[in-house]
Every structure is written in C-alpha cells, then in structure tokens.
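Numbered from 1 within each chain, the chains take letters A, B, ... in sequence-line order.
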Amino acid sequence: MTTRVRFAPSPTGYLHIGSARTALFNYLYARNVGGKFLLRIEDTDMARSTDESTRSILEGLQWLGFAPDEEIVFQSNNADKHRAVALKLLEEGKAYRDFTPKAAPSDGNIKQTIADRARANQGVKDMRDNEFRDLSKEESDQRAASGEPFAIRLKVPETGKTVFEDAVYGTNERDYAETEDLVLLRSDGHPLYNLAVVCDDIEMEITDVIRGQDHLTNTHKQILIYEALGVKPPRFAHLPLILAPGGKKLSKRIHGEIVSMTTYRDAGFLAAAFRNFLALLGWSAGEEQEIYSLDELIEKFKLEGIHRSNAIFNFDANNPKRWTDDKAIWMNAEYVRTMPLAELLPFVKTELKSAKLWRDEYEDDDKAWFENTVDLIRERFFTLKDFSTQGRAYFSEDFDFDQKAVEKNLLKFSELKTLLPELAERFAAMEDFSHDAIEETVKSFTEEKGSKLGVIMNGARALLTGLAVGPSMLAVFETLGKEKSVMRLKSQVAWNL
RNA sequence: GGUCGGUUCGUCUAGGGGUCUAGGACACCGCCCUUUCACGGCGGCGACACGGGUUCAAAUCCCGUACCGACUACCA
C-alpha cells in the first residue's frame, strides 16, 4: 500500500511556524518512503475560517516548496458526507441524539472555564452521565420528528480502553471512562472536528497521520470513531510542540508576525535555509551535520529521529539584532554565503528589483561585474535584504551614510578632508586600476603623507560605501571602479551631514 | 481538579547501563589574523531538574517530588 500523508491546517490565520514544520515533516516522510503528500484545508469552523487565511497558508507552503501531490481537499465541501456518517452511526445505535439545550457560548477564556468546571467537580465526572444516552429509539425518533433540536453524540462503550502505538510517543492507552460521549454533529447540523478528520482521512486513504502533539489525546476519541465505523485507524506520529521563550505557547496574539512564514520570506530568508532550520527543531539524524539540502533531508528523515520534548523558538522581541531565533539567522547567513553563486543570483535579482536597484545590464554587459560583486559582498550578509540595504552603495549613487561610520572613520581624522580628495587625484591619474596597482598607489600615498594605512582605508570606506564594515578596501576600489572611487573620494557630502 | 506526556549547557541537540572528567551547533566572552567587520582561525564559559532505589557500574532502568506542556468545547 502506498503511503499517503496529509498536512491539514485550519485557515484561521497565516501559516504558523509550528504548522510549517508539521508540513515539512509530512513532506519529508512522504518523499522518503515514496508516498504521497496531500493537503486538506480544515475549514469547518465557519466563524473563524477565512479565504484570506487560506491564501496566506498556500502562499507560505508555496514559498517553502511543498506542493501537494493531489488536488487540495476543502473539508467544508464534505460536510454532507460527514453528516451522513453521523446519521449512519445513529441508525446503528452507536450514537445517540442529545436533546440537552445547547449551552450559551461562554465569554472570556474558555480553557479556564473548562478547567474551573472540572475543578469544581473535584475531578470526578461520569462521562456517561447523559439522560438521553439510553432513550428508546421510538422516543428519540419522535422528539426529533417533532422538530426538537438535538446534537448527535458517539456512544462510547462502558468498559474497555483505546490503545494505539504512536511512532514518536510509543504506546498510548486510555480507559473509555476517561473519554466523554463526544459530539459528532452539532444541533445546527454541522459536523465537528473529530468526526470530520476521521471521515476525511478515511476517504483520502491516509495511511500515516503526522501532526502536532496537541492532538495526542484527541487521538483516543478518533480511534473510538474508527472503531464504531469498523475501519482500521492509520498509524499516528505526534510531533513535539514549538514553544515561545519561557516555554509558553507561541501565539499570534502575543508574539505577532514572528510566528508567520511570510515574515521570513519578506525578511529576506531563503526557503532552503528556513526549511533546514525547521527540520532541526524536534528532529535529528543523530549525527553532527547540520546543513542539509532538501534531498539529504528526504534521504535521512526517519520518524525515529523525532523527539518527545518540546522545542523553544528562541528570540528577543526587544533586541533588533535577535528579532528571531539566532540559529535561524545564522543558518540563513550560512546559505547566503556558501550556496552556489548561480543559485543565489536569481534571489538577489528579485531583491534588487523590488528595491528598484536592478539594471538589465547585470545580466548582459555587466554580468561578470555583477557576479563578482555579489560574491564579494555576500561574505558578510545574513539575508537577501542586505543586498539592497548594506549593499546599496554597490548598485546606486543614492545611499545613506551610517552616522557611526562617519564619526569613527572620518570626523575623528580631520586631515582626511583634504587627504582623501588628494588620493582621488592619484587614482584619476592611474591607467591600470587593478588590485595590485591600487595597493601600490595607496601605500606610497600613505607613506608620503605620514598617515596610517588603516586611517586612509577606513575613511575611504566610509565615503565609498557609507559603512564602517565591508570587504577589503582594495577589492571595493576595484569593484566600484576608478570613476566612482574618484568621485566618491572627492565628495564632501558625508562631511557636511 | 482529572487523564496523558515531557525534563541534557541560555537555545537547538548527540547520547539509550561502563568508551561521559557528557560531544556538536547557535549565542556570548577572549585571543589571533587584519585597512574595518557582522568574515576566518584558535580557545573559554556553560547542562544530565531534585530525591530515593536497582546494579560492581546510571545522563541512560524503576519509583516519588517539582516544574513545564497538551487535552478535558455543540473550537480546530
């Protein structure tokens, strides 16, 4: 039997970092065993689901490169089938109508309300305590026929237990007495999550369910439904959660954009790097390698490598340099600096285009120059964004001067105000403006003036790039060329800021 | 409150009875290189939650405690 897995997000927000990892693991697993990776949008919560969210999730998946192998399934389209299953179970006596009036929706923190109620009960609750559970078929049918609203609940057997073997967490057992007679169909006719999931997974012929650990206890309820339906449940593998610093839940409300996939795309992350980072959150190949191509991940991915404890996505909202996880930033920098140049170029092009810095000559007459330049400056970059910000001076005359660089490397040495334009004159007189020739000129100029090489170089760096950091100045001079170097060295703009 | 699960450096993790005076990565700190640095090189700081067992031997097995998490909805 072919392995078939699915990623099943509910469209109530953007693609969350935890969901993205779930998608990744499903994808890797499917590819590793030569199975199918499917996508199902669980949009049965009409109140919270939005098309906007669906679009955002699809966008995130597309960026990460996880295209489903079959058409996307929208769960809401299957509502009729789900209803039919609930009715069938009712007919077979495996479910019953509950005529208890629907409770008013609680305001405030629902989880808290539930916990409080449970505490008030002192933890003892008879899960079978429902006056309609054993109502005669005749009376139930009659009350339904008279138009009385009802929900359909699964009739969980009195004795026994649900057991399943989780690929990550091992054997899970739960006594039936711990599971309530869960609602299958709401009184307004809408199927509920646990029913919908089971029905769809059966219909989609899902063989392995890989999802967040928050569904671990739900699994018992779902197994009960599988049993009532007489269908063999799929294999389950639950993933540890990704938490916020402090071990708290990572949420949109509290942590904002930091949890959204599109944030990383927009911040100049490479999908390959982010995938790599995500793969290492909760999974390990058991070796010391950390940089993996997609193919390597696919080849090495094993469910056994997933661990049981939650991981923390580490970041400091108050520190701009650490706005997201350090390791994610490092990983991206590693990719930017070391990936084959030819693969990086298209991304740089896109970035420069969106910053209005792109020129078609970069792929034509100036192709060699462009490639050399990108290769030179990427050494110190972290994201694609850096090409249009820190790297701006290489592609435009309109760049900003970093105040600190100006103060530290220019203003502190007032003599540079005349020395640098003088150096420009020397440059202007040069015929061969190559690395070695430039070095020769700058060195003799420095000696002649009794100045220091570092002072001259860093002053020039501030003038030519606006920054205090960057590649070797000899390379910068050569890259920018004689004309621009001369012009910028003479410019008084930075001196008058 | 109940049920279930988890706990190795600040973070991601290796390890699954002796090879562990616990390895790697990120971050941090120091030194070196150097015309700068967010590059590179070298080094440092830094963890088996706690308490009992079992065993010749426990980070690894068992029990308890603490802490954290999930679930406990006519949400998904």
Is there a donor on the side chain of [X] or the base of [N] sitting less than 3.5 Å from an acceptor on the other?
X	N	value
A/Arg174	B/C4	no
A/Arg380	B/C37	yes
A/Ser187	B/C74	yes
A/Asn218	B/A76	yes

According to the Watson-Crick and G-U wobble definitions, with both distances under 3.5 Å, which nucleotide is paired to [N]?
N	result
B/U34	none
B/U21	none
B/U3	B/A70
B/G10	B/C26
B/A58	none
B/G64	B/C50

Applying a 4.0 Å non-hydrogen cut-off, can you work out what [X] is touching in the nucleic acid: base, sugar-phosphate, or nothing?
X	answer
A/Asn310	sugar-phosphate
A/Ser472	base
A/Gly247	sugar-phosphate
A/Pro471	base
A/Leu474	base
A/Pro11	nothing
A/Lys452	nothing
A/Ala311	sugar-phosphate
A/Thr44	sugar-phosphate
A/Tyr193	base
A/Lys221	sugar-phosphate
A/Arg308	sugar-phosphate
A/Arg153	sugar-phosphate

Spacing of [X] atom [atom1] relative to [N] atom [atom2], expressed in whole Å:
X	N	atom1	atom2	answer
A/Asp201	B/A76	CG	P	15 Å
A/Lys249	B/G5	NZ	P	20 Å
A/Met127	B/C71	CE	P	15 Å
A/His307	B/G6	NE2	P	14 Å
A/Leu216	B/C71	CG	P	11 Å
A/Arg83	B/C74	CZ	C1'	14 Å
A/Phe445	B/U35	CZ	C1'	15 Å
A/Phe382	B/C39	CZ	P	6 Å

So CD of A/Glu447 and NZ of A/Lys452: to nearest 0.5 Å the spacing works out to 14.5 Å

When you look at A/Arg211 and A/Thr22, which way does the side chain to side chain donor-acceptor pair (under 3.5 Å) test go after all the steps? CA-CA 6 Å; A/Arg211 70 212 324 184; A/Thr22 300; over 6 Å; no

Between [M] and [N], how far apart are the [atom1] atoms? Round to whole Å, please.
N	M	atom1	value
B/A14	B/C20	C1'	12 Å
B/C9	B/G24	P	16 Å
B/G6	B/C42	P	39 Å
B/G17	B/U7	P	16 Å
B/G51	B/C12	P	24 Å
B/G16	B/U21	P	14 Å

Determine all donor-acceptor pairs shorter than 3.5 Å in which one atom belongs to a side chain in residues 7-15 of chain A; sequence neighbours excluded.
unit_1: A/Tyr14; atom_1: OH; unit_2: A/Gly256; atom_2: O; d: 3.0

When you look at CG of A/Asp51, are more than 12 heavy atoms from neighbouring residues, nucleotides or ligands closer to it than 6.0 Å? no

So which of residues 275-287 of chain A are in contact with RNA chain B, with a heavy-atom cut-off of under 4.0 Å? A/Leu280, A/Leu281, A/Gly282, A/Ser284, A/Gly286

Sole residue of A/Phe274, A/Trp330, A/Phe277 in ring-ring contact (aromatic ring centres under 6.0 Å, His included) with A/Phe269: A/Phe274

Out of A/Tyr169, A/Phe236, A/Tyr193, A/Phe164, which one pairs with A/His215 under the ring-ring contact (aromatic ring centres under 6.0 Å, His included) rule? A/Tyr193

What about the rings of A/Tyr96 and A/Phe132, do their centers lie closer together than 6.0 Å? no

When the ring centroid of A/Trp283 is compared with that of A/Phe301, is the distance short of 6.0 Å? yes

Starting the side chain at C-beta, find the nucleotide from B/C28, B/U35, B/C12 nearest to A/Arg461. B/U35

Residue met sooner reading RNA chain B from 5', once A/Pro9 and A/Ser309 are mapped to nucleotides: A/Ser309

The answer to which of A/Ala468 and A/Trp330 contacts RNA chain B further toward the 5' end, by nearest nucleotide, is A/Trp330

Can A/Arg275 and A/Ser293 be counted as having a side-chain donor-acceptor contact under 3.5 angstrom? no

